[in-house]
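Worksheet for the structure shown next.
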Amino acid sequence: NYDREKQMEKAIQSRVALINNVPDSDLRPKAFYQIARNLQALAIYSQASKAYETFAANYPRREETSEALRLAAQFRLGLGELDQATTNLKKYINYLGKKDVKQAMVAYFELGSVLQQRRQWQKMIRHYESFTKRFKRVDKGYLIRAYTLTGNAYVNLPKRYRSHKKAKRAYNSAIKVYRSTESRRT
């Protein structure tokens, strides 16, 4: 492992030298991306996130850009850097647009987990209500989860704003979607 790490460190140094010394090289985008992958392989996630973000900012039209944004967001979430994770997820969703609605849906859903971690229940409710409108025809499993999380958020609101009636409505919506999927299977 030590030798492998030393080789990766040398590879990173070589790629940084290419980027810094040969600005017109058509290998620059690949070098940027490979630096991020090397940092990821070395489990240096904060630097890997920065490298993926730099790659995406400098090469927004490359094939690897969506994956770079997704990984940067994933690492930022893991590091607890929720603001930057949110920024990356939003860029990722915008990048995907209509190209891959399923992936955009998954990323949009993940934004709700940031709000849940922050215990921002009102924003979480608005987020998942928006999710259920925007992606109601894409994936019923995510739709059920979104309704359930909306209900949970209503229950977790501070006492004066808490609404068991709205929570029950959200839970009933989850049950309704579940039953509709069950009836199609039989």
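Position 1 is the first residue of the sequence, and the numbers go up from there. Note that the structure is a prediction, hence the values are computed from the model and not measured.
Applying the salt bridge (charged side-chain N to carboxylate O under 4.0 Å, His left out) test to every pair with at least one member in residues 122-134, sequence neighbours left out, gives no pairs at all.
Every residue meeting the side-chain contact (heavy atoms from CB on, under 4.5 Å) condition with Q40, not counting sequence neighbours, appears here in chain and number order: Y45, A48, Y52, L71, F75. Every residue two or more places apart in sequence or in another chain that forms a side-chain contact (heavy atoms from CB on, under 4.5 Å) with K102 is listed here: D100, M105, V138, D139. Scored by the side chain to side chain donor-acceptor pair (under 3.5 Å) test, R15 finds N38 as partners (sequence neighbours excluded).
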side-chain contact (heavy atoms from CB on, under 4.5 Å) evaluation trace for I125 with L115
CA-CA 9 Å; I125 290 165; L115 299 170; over 6 Å; no

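Going from atom CG of D26 over to atom CZ of R28 covers 11.5 Å, rounded to the nearest 0.5 Å. Distance OG/S180 to CG/L143: 8.5 Å, rounded to 0.5 Å. A distance of 11.5 Å separates CE in M124 from OH in Y154, rounded to the nearest 0.5 Å. The OH atom of Y178 sits 6.5 Å away from the OG1 atom of T181 when rounded to the nearest 0.5 Å. Taking CD from Q34 and OG from S14, the interatomic distance works out to 12.5 Å, rounded to the nearest 0.5 Å. Rounding to the nearest 0.5 Å places OG of S113 at 10.5 Å from CZ of R118.
Side-chain heavy atoms closer than 4.5 Å link hydrophobic residues (I, L, V, M, F, W, Y) into clusters, and following such links, possibly through other members, connects V101 to I93. Follow the hydrophobic side-chain contacts under 4.5 Å out from L77 and you never reach I44; the two are in separate clusters. If you chain together hydrophobic residues whose side chains sit under 4.5 Å apart, M8 and I35 fall into the same group.
As a member of the Ile/Leu/Val/Met/Phe/Trp/Tyr network built from side-chain separations under 4.5 Å, L27 groups with L18, V22. Other cluster members for Y92: L69, Y95, L96, joined by side-chain heavy-atom distances under 4.5 Å among Ile, Leu, Val, Met, Phe, Trp and Tyr.
Taking the ring centroids of Y128 and Y147, they lie at or beyond the 6.0 Å cut-off.
The minimum heavy-atom distance between L79 and S49, with the atom names listed, is CD1-OG, 4.3 Å. Contact between A174 and T148 at its shortest, heavy atoms only, is CB-OG1, 3.6 Å. Heavy-atom minimum distance, F131 versus A146: CD2-CB, 3.5 Å. The minimum heavy-atom distance between G151 and A170, with the atom names listed, is N-CB, 3.6 Å. Considering every non-hydrogen atom in both A153 and W121, the closest pair reads O-CB, 3.7 Å. Closest approach of P29 to F55, counting heavy atoms only: O-CE1, 3.3 Å.
Looking at K50 and R76, their side chains come closer than 4.5 Å, going by heavy atoms from C-beta outward. Under the 4.5 Å side-chain criterion, counting only non-hydrogen atoms from C-beta, Y142 is in contact with R145. Proximity of Q103 to R70: side-chain heavy atoms (C-beta onward) are separated by under 4.5 Å at one or more points. Counting heavy atoms from C-beta outward, H127 and Y108 have side chains that approach closer than 4.5 Å.
Under 3.5 Å, the side chains of N152 and Y171 contain a donor-acceptor pair of N or O atoms.
Residue Q116 forms a side-chain contact (heavy atoms from CB on, under 4.5 Å) with just one option from L111, L149, N156, and that option is L149.
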